[in-house]
Every structure is written in C-alpha cells, then in structure tokens.
Number of protein chains: 2
Amino acid sequence: MIVRQAANVLDIFEYFARTKKPTTLAELADHFNWPRSSTFNLLTTLSEKGYLYEPRPRAGYYPTPRWLAMARQASEVEPLPAWSHALIADLSAETGETAAIAAPSGTMAVFIDVVESSAPIRYFAQIGHRIPIHATSSGRALLLQYTPEERDALYRKIEFKQYGPSTPISINAVETELRASIDRDYCESFADYSRDLAGVAVPLPIGDRRLSVVVAGPEFRIGDKTHDISIVLKRLVERHRPKPG
Amino acid sequence: MIVRQAANVLDIFEYFARTKKPTTLAELADHFNWPRSSTFNLLTTLSEKGYLYEPRPRAGYYPTPRWLAMARQASEVEPLPAWSHALIADLSAETGETAAIAAPSGTMAVFIDVVESSAPIRYFAQIGHRIPIHATSSGRALLLQYTPEERDALYRKIEFKQYGPSTPISINAVETELRASIDRDYCESFADYSRDLAGVAVPLPIGDRRLSVVVAGPEFRIGDKTHDISIVLKRLVERHRPKPG
DNA sequence: CCGGATCGTACAAGTATGTGAATTTTATCG
DNA sequence: CGATAAAATTCACATACTTGTACGATCCGG
C-alpha cells in the first residue's frame with residue numbers, strides 16, 4: 001500500500017530538484033492538483049521539520065540545505081567504492097551510451113549510480129529508477145548471482161507481464177535466457193521491458209553485494225553491437241576493479 | 001497541522017543519517033514505536049519511489065543515492081555564496097564557538113549553514129534548526145532588517161512565551177531590545193530562549209536576502225566577551241563580503 | 001533436521017487525517 | 001485610499017489511513 005502523504009513529500013522534494021526555483025503554495029497546489037489546504041499542511045510540516053523556509057510571507061518556500069546535510073550522512077550507509085563510478089563514466093564515454101550500476105530490490109532492480117550518455121537520443125535513466133529484475137539485462141545480471149533456490153523464491157513473487165514483444169513471460173523463459181547469457185558471457189535485452197531500448201550487462205559483485213553494470217541505449221544504435229559493447233564492458237571492469245589480494 | 005506520514009518520512013530519512021546503517025522493518029518499528037504494518041507501508045512507499053532498496057529479503061533496507069542526487073539539485077534553488085561558509089568557518093576557528101547563518105521563516109529563524117565549535121562543551125546546532133525570531137540574537141539581527149510595518153505584522157503572529165528568565169514577552173520588550181542592539185551595534189542574547197546559551201549576531205544581507213551571522217556558545221564562556229566577539233564578527237564579515245561595485 | 005520463535009505480509013474495522021467550503025488576511029487596481 | 005481579487009488559514013465532515021489480528025515464511029538453537 002502506498003502511503004499517499006509520504007509519497008507527496010518526495011514529490012515536493014523532487015519538484016524543487018527539477019525546477020530549482022522557490023515555490024509558492026498556490027503553485028504547488030496547482031501543479032499537483034492538490035487542495036490548497038492539504039498543500040498548506042504539507043508545507044507547514046516540512047517547514048517545522050526544518051526542510052523548508054519562507055523568507056518572507058507569500059513570497060515562496062525555499063528548501064533549506066538540510067536535505068543535503070542529511071543526504072550526505074545517509075549516503076554513508078553503504079557507499080559505493082570510488083572506482084565503480086569511474087567505471088561507468090569511462091563506459092559511457094567509450095560507448096557513447098548511458099551506463100549504470102544496478103542493485104536488486106525484491107522483484108525489481110534499482111539503479112544506484114548512473115552516468116548518462118551525452119547523445120541527444122539516449123536512455124534517460126536516473127538514480128533510484130526501478131525496473132523488473134527478470135525483464136532487463138541489468139536485472140538478469142543480478143539474477144545470475146542468485147542461488148537457484150533464491151531465484152525460485154523470487155519467481156514466485158514476480159508478476160509476469162508482457163511489457164514488450166520479447167518479454168519473458170514464464171519462469172522457464174527467464175531461466176532459458178539466463179542460460180543463454182552464461183553461454184555468451186553477458187546479458188542482453190531488446191525492448192524486453194522498455195520500448196526501443198536495448199541493454200548489455202554483466203554481474204559486478206562488490207564485497208558481499210550483488211550488483212551489475214549495464215550499458216543501455218536505443219535499439220537502433222546498440223542493435224548488432226552488443227558483442228562489441230560486452231568486450232568494452234569486460235575490459236573496463238577488469239581495468240577498474242581492484243585486484244584481489 | 002502536522003501531516004503525520006510526511007513527518008515519518010523525514011524521521012526515517014534522519015534515522016539513516018544518524019545510524020549510518022541499514023535497517024530492518026522490525027528495527028524501525030521498534031525504534032519509533034510504530035506498528036509493523038504501518039512501517040511496512042512506509043518502507044514500501046519509499047522503495048517504490050526509489051529511495052530505499054532491499055538487496056536481499058529480510059536483510060534490511062538501504063537508502064539509495066537518490067536522496068543525495070535530489071538534494072544536490074534542490075540545493076541549487078538558492079545557493080549561498082562560497083564566502084559565507086568561509087566566513088563562519090573562520091569565525092568558529094577564531095572564537096572557538098559555533099557559528100551559523102540564519103534566515104527568517106515566519107516567526108522563526110532557521111539555520112541555513114552551521115560550523116560547529118570543536119569544544120567538548122558547545123552549542124550543538126544543525127542546519128534546519130529553528131528558533132524563535134524574537135527571542136534569539138540571530139533572530140533579532142534578522143528583525144533589524146525588517147521595516148517597522150513588517151515587524152508589526154510579524155508581532156501579531158508571535159506567541160510570546162517565557163522560554164527563559166530574560167525572554168522578551170511583549171512587543172515593547174522586543175522593540176526595546178532592538179533599539180539597544182542598534183545602539184551597541186550588534187545583537188546579543190543570554191538564555192533568552194535556550195538555557196545557558198549566549199549569542200552574538202549581526203545582520204548579513206546578501207542580495208535581496210535578509211540573513212544574519214551568529215556566534216553562540218555557553219554563557220560562561222561568552223559571558224563578558226560579547227563585545228570582543230562582535231568586533232571579530234564585524235572584522236570577518238568585512239573581510240569576506242565582496243566589495244560592492 | 002526439527003520445532004519454537006521471529007519476521008514479514010494481508011486484511012477488515014474504527015478512527016485519525018486530509019479535504020472542501022467558509023473565513024480571514026493580504027495584495028492589487030482604479 | 002477604498003474596493004476587488006487572490007491568497008492563506010480555519011473548521012467540520014467524509015475518506016483514507018492506521019492498527020490489531022492472523023497467517024505463512026524464515027530463521028535459529030538444540
């Protein structure tokens with residue numbers, strides 16, 4: 001169950017991140033189609049908690065740097081190593097496509113680091129973006145790191161939906177694709193989940209964390225280059241990952 | 001009115017910032033005395049929005065870097081100039097006390113930047129921390145920048161409470177203290193709001209923003225040094241603030 | 001490897017909470 | 001400066017949320 005008011009807080013937060021401008025009560029209420037009164041209550045709550053302030057009455061609400069101060073601390077919970085960001089930065093530079101690091105979260109994969117392509121037509125991914133774990137290359141690169149038992153447990157929770165023409169819609173289809181991935185030594189997907197989108201991914205275990213790296217972009221650019229991309233992918237992983245011992 | 005679930009989101013956020021550790025549903029529920037089921041709903045909401053993820057079932061929730069990514073963007077809404085942080089850093093170093101920048105928010109003042117003293121006994125202030133505008137030195141340094149009309153409007157909203165022995169509990173008391181501040185050329189307060197706390201502050205207009213700088217610490221250390229501190233305060237403001245023209 | 005304890009998840013009833021209309025306050029224009 | 005419009009704020013009711021309960025899964029100690 002979605003807790004509406006919890007989601008609303010995040011919506012306001014993201015609204016500020018997007019617009020990068022102060023905002024009045026009326027503006028927010030109109031934008032989200034919220035009643036003025038509810039918007040007022042939300043803004044009051046955020047202000048009392050020290051996350052917003054109103055330098056002068058009716059002239060708009062501003063976010064305080066408290067968001068940043070807290071986020072900085074919260075991001076120490078489980079920081080990624082510095083090299084993983086360098087890795088996707090290089091990957092994006094060499095391939096010209098968007099590169100990302102994904103982590104599992106239930107039946108979903110979450111992007112926990114992203115470097116976007118600079119191409120005008122590109123895969124627009126964001127940190128925190130979630131995609132079905134079984135219907136994406138980055139997701140399947142995560143599944144490869146699961147034990148068969150863990151995969152079984154997960155499959156029972158997945159709601160198989162036909163996102164695109166090639167979406168695997170059964171446990172068998174997924175397992176078959178996983179075996180194929182092992183054979184070719186990388187994961188790939190063509191519009192399995194998002195239209196026109198192709199991806200190439202490999203597992204990237206870090207410590208005891210099961211992550212994956214993915215390069216993704218429009219099918220027409222990635223199309224027949226998945227093998228070449230997988231070579232670059234593996235070469236760069238090899239270069240950046242610290243040698244054990 | 002406080003929106004409970006909105007506040008809860010921030011509480012969870014701050015919990016991660018404080019503990020810097022992943023957290024299980026049960027742990028959170030116990031800590032905040034929330035029912036498991038409500039906690040479950042909240043965590044689900046935060047996960048679906050991409051702010052939390054659960055790498056493996058029952059092994060705990062982790063914050064995603066999305067908090068940080070959004071906060072970075074949101075902090076571009078109204079960035080402080082670089083010199084204002086340098087100012088309070090120097091201030092804190094020279095005085096040995098906590099220094100901060102405050103902004104008005106209704107009848108409150110909010111700290112929007114803080115450098116804490118390194119002394120073991122010190123004023124523990126945080127970005128986002130709110131204090132009554134009329135009963136603190138930093139707040140009154142803000143009030144000095146208001147027009148008499150604006151102050152009048154504000155006074156009507158203030159609920160005068162006796163926070164400490166010297167809290168000004170009437171409009172007159174506040175106005176008298178403001179005139180005294182003009183005469184001595186800086187604002188000061190001794191436990192007007194927080195017990196044992198003394199502060200020295202001056203206005204710090206930046207652009208069209210009405211801010212203030214404050215040095216605050218325990219009364220026994222600040223006590224009779226307020227004048228000396230005000231000298232340092234004004235000297236450093238003079239040094240850091242870019243010359244007009 | 002078994003059994004008890006713990007944890008996560010679903011559900012339905014009662015109530016706190018958010019909403020919409022009414023009121024007050026502030027800004028704007030003639 | 002007074003009238004008008006728009007915004008913010010208050011208040012009472014209907015809705016959506018919380019919560020206790022129950023079930024199933026998973027963990028852990030013996």
Side-chain angles (χ1 to χ4, degrees), chain A residues 1-12 22-49 52-62 104-108 146-159, chain B residues 1-12 22-49 52-62 104-108 146-159:
Chain A
M1 175 199 237
I2 292 295
V3 180
R4 176 107 66 98
Q5 295 293 37
N8 289 351
V9 168
L10 302 172
D11 286 338
I12 292 181
T23 302
T24 62
L25 189 155
E27 210 175 303
L28 261 189
D30 291 349
H31 178 83
F32 289 111
N33 264 86
W34 292 339
R36 294 253 160 120
S37 39
S38 327
T39 310
F40 174 70
N41 291 336
L42 265 173
L43 290 176
T44 305
T45 303
L46 289 177
S47 298
E48 294 222 346
K49 281 267 172 184
L52 295 182
Y53 71 107
E54 206 191 6
R56 30 193 112 190
R58 320 174 145 255
Y61 288 83
Y62 295 67
S105 182
T107 65
M108 295 278 159
Y146 283 45
T147 64
E149 294 75 35
E150 286 176 311
R151 278 209 297 277
D152 277 342
L154 202 67
Y155 289 147
R156 268 178 277 130
K157 298 186 185 161
I158 292 181
E159 208 200 334
Chain B
M1 174 196 241
I2 292 296
V3 180
R4 175 106 67 99
Q5 295 295 37
N8 289 351
V9 168
L10 301 173
D11 285 339
I12 292 180
T23 301
T24 63
L25 189 155
E27 211 173 302
L28 259 189
D30 291 348
H31 178 84
F32 289 111
N33 264 84
W34 292 340
R36 295 253 161 114
S37 34
S38 324
T39 310
F40 173 69
N41 291 337
L42 264 173
L43 290 176
T44 306
T45 303
L46 289 177
S47 299
E48 295 223 344
K49 280 268 172 184
L52 295 182
Y53 70 108
E54 208 191 5
R56 30 192 113 191
R58 325 176 139 252
Y61 288 84
Y62 295 67
S105 183
T107 65
M108 296 278 160
Y146 282 46
T147 64
E149 294 75 35
E150 286 176 310
R151 278 210 297 276
D152 276 341
L154 202 66
Y155 289 148
R156 267 180 276 129
K157 297 188 186 157
I158 292 181
E159 208 199 333

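The chains referred to below are lettered A, B, ... by the order of the sequence lines, with proteins before strands, and numbering in each begins at 1.
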Colleague: Assign each of A/N41 and A/P57 to its nearest nucleotide of DNA chain C by heavy atoms, then name whichever residue's nucleotide is nearer the 5' end.
Modeller: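 That would be A/N41.
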Colleague: Which listed nucleotide (C/dT25, C/dT9, D/dT9) is nearest to the side chain of A/F40?
Modeller: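 So the nucleotide nearest the side chain must be D/dT9.
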Colleague: Reading DNA chain D from 5' onward, which residue's closest nucleotide shows up sooner: B/S38 or A/E54?
Modeller: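 Looking at DNA chain D, the more 5' nearest nucleotide goes with A/E54.
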Colleague: Quick check: on DNA chain C, is the nucleotide nearest B/Y61 upstream (toward 5') of the one nearest B/A6, or the reverse? Name the residue that is more 5'.
Modeller: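 Closest to the 5' end, via its nearest nucleotide, is B/Y61.
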Colleague: D/dT19, OP1 or OP2 - any side-chain N/O from B/R36 closer than 4.0 Å?
Modeller: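 No, because none of the side-chain N or O atoms of B/R36 sits under 4.0 Å from OP1 or OP2 of D/dT19.
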Colleague: Looking at A/S37 and C/dG20, is any side-chain donor or acceptor paired with a base atom of the opposite kind under 3.5 Å?
Modeller: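 Flag set: donor-acceptor pair detected.
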Colleague: Can you measure from NZ (A/K49) to CG (B/D11) and round to the nearest 0.5 angstrom?
Modeller: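 A/K49 NZ to B/D11 CG: 3.5 Å, rounded to 0.5 Å.
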Colleague: Figure out the CG/P separation between A/L25 and C/dT19, and round it to whole Å.
Modeller: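 My rounded result for the distance is 13 Å.
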Colleague: Using modelled atom types and a 3.5 Å cut-off, is there a donor and acceptor pairing between side-chain atoms of A/E54 and backbone atoms of A/R58?
Modeller: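 The answer is yes, because a donor-acceptor pair under 3.5 Å joins these two groups.
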Colleague: Whole-Å distance between C/dT6 C1' and B/E27 CD?
Modeller: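 After rounding, the reported distance stands at 14 Å.
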Colleague: Rounded to the nearest 0.5 Å, how far apart are CZ of B/R36 and CG of B/L43?
Modeller: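 Answer rounded to 0.5 Å: 12.0 Å.
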Colleague: Using modelled atom types and a 3.5 Å cut-off, is there a donor and acceptor pairing between side-chain atoms of B/T45 and backbone atoms of A/V3?
Modeller: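 Checked: pair present.
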Colleague: Give the nucleotide from the list C/dT26, D/dA8, C/dG8 with an atom nearest to the side chain of B/R156.
Modeller: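 Nearest to the side chain of B/R156 among the choices is C/dT26.
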Colleague: For the side chain of B/T23 and the backbone of B/L28, is there at least one donor-acceptor N/O pair under 3.5 Å apart?
Modeller: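 The answer is no, because no donor-acceptor pair under 3.5 Å joins these two groups.
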Colleague: Would you indicate which nucleotide in D/dA8, C/dT19, C/dG8 comes nearest to any side-chain atom of A/T24?
Modeller: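 Of D/dA8, C/dT19, C/dG8, D/dA8 is nearest to the side chain of A/T24.
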Colleague: Measure CG/B/L154 against P/C/dT26 and give the value in whole Å, please.
Modeller: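 B/L154 atom CG is separated from C/dT26 atom P by 11 Å.
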Colleague: Figure out the CH2/P separation between A/W34 and C/dG20, and round it to whole Å.
Modeller: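 So the two atoms are 14 Å apart, to the nearest Å.
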Colleague: Counting side-chain heavy atoms from C-beta on, which of C/dG18, D/dT19, D/dA8 comes nearest to B/V3?
Modeller: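 Between C/dG18, D/dT19, D/dA8, the one nearest the side chain of B/V3 would be C/dG18.
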Colleague: Between D/dC27, D/dT19, C/dG20, spot the one nearest the side chain of A/P35, thanks.
Modeller: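 The answer is C/dG20, which lies nearest to the side chain.
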Colleague: In whole Å, I'd like the distance from the NZ atom of A/K157 to the P atom of D/dA25.
Modeller: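 About 11 Å, once rounded to whole Å.
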Colleague: In whole angstrom, give the distance that lies between atom CZ of B/R58 and atom C1' of D/dC27.
Modeller: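 About 8 Å, once rounded to whole Å.
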Colleague: Quick one: is C/dG18 close enough that its OP1 or OP2 comes under 4.0 Å of any side-chain N or O from A/Q5?
Modeller: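 For C/dG18, OP1 or OP2 has a side-chain N or O of A/Q5 closer than 4.0 Å.
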Colleague: Using heavy atoms to find the nearest nucleotide of DNA chain D for A/T44 and B/R4 separately, return the residue whose nucleotide is more 5′.
Modeller: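 With A/T44 and B/R4 compared, the 5'-side residue is A/T44.
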Colleague: To the nearest Å, how far apart are A/D30 CG and D/dA6 P?
Modeller: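 My rounded result for the distance is 12 Å.
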Colleague: Kindly say if A/R56 contacts the phosphate of C/dT26, meaning a side-chain N or O under 4.0 Å from OP1 or OP2.
Modeller: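 Checking A/R56 against C/dT26: no side-chain N or O falls below 4.0 Å of OP1 or OP2.
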Colleague: In whole Å, what is the span from the CG atom of B/N8 to the P atom of C/dT17?
Modeller: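 Atom CG in B/N8 sits about 10 Å away from atom P in C/dT17.
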Colleague: Would you confirm whether B/T147, through its side chain, and B/E150, through its main-chain N or O, come within 3.5 Å as a donor-acceptor pair?
Modeller: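 Yes; judged by distance alone, with no hydrogens or angles, the pair exists.
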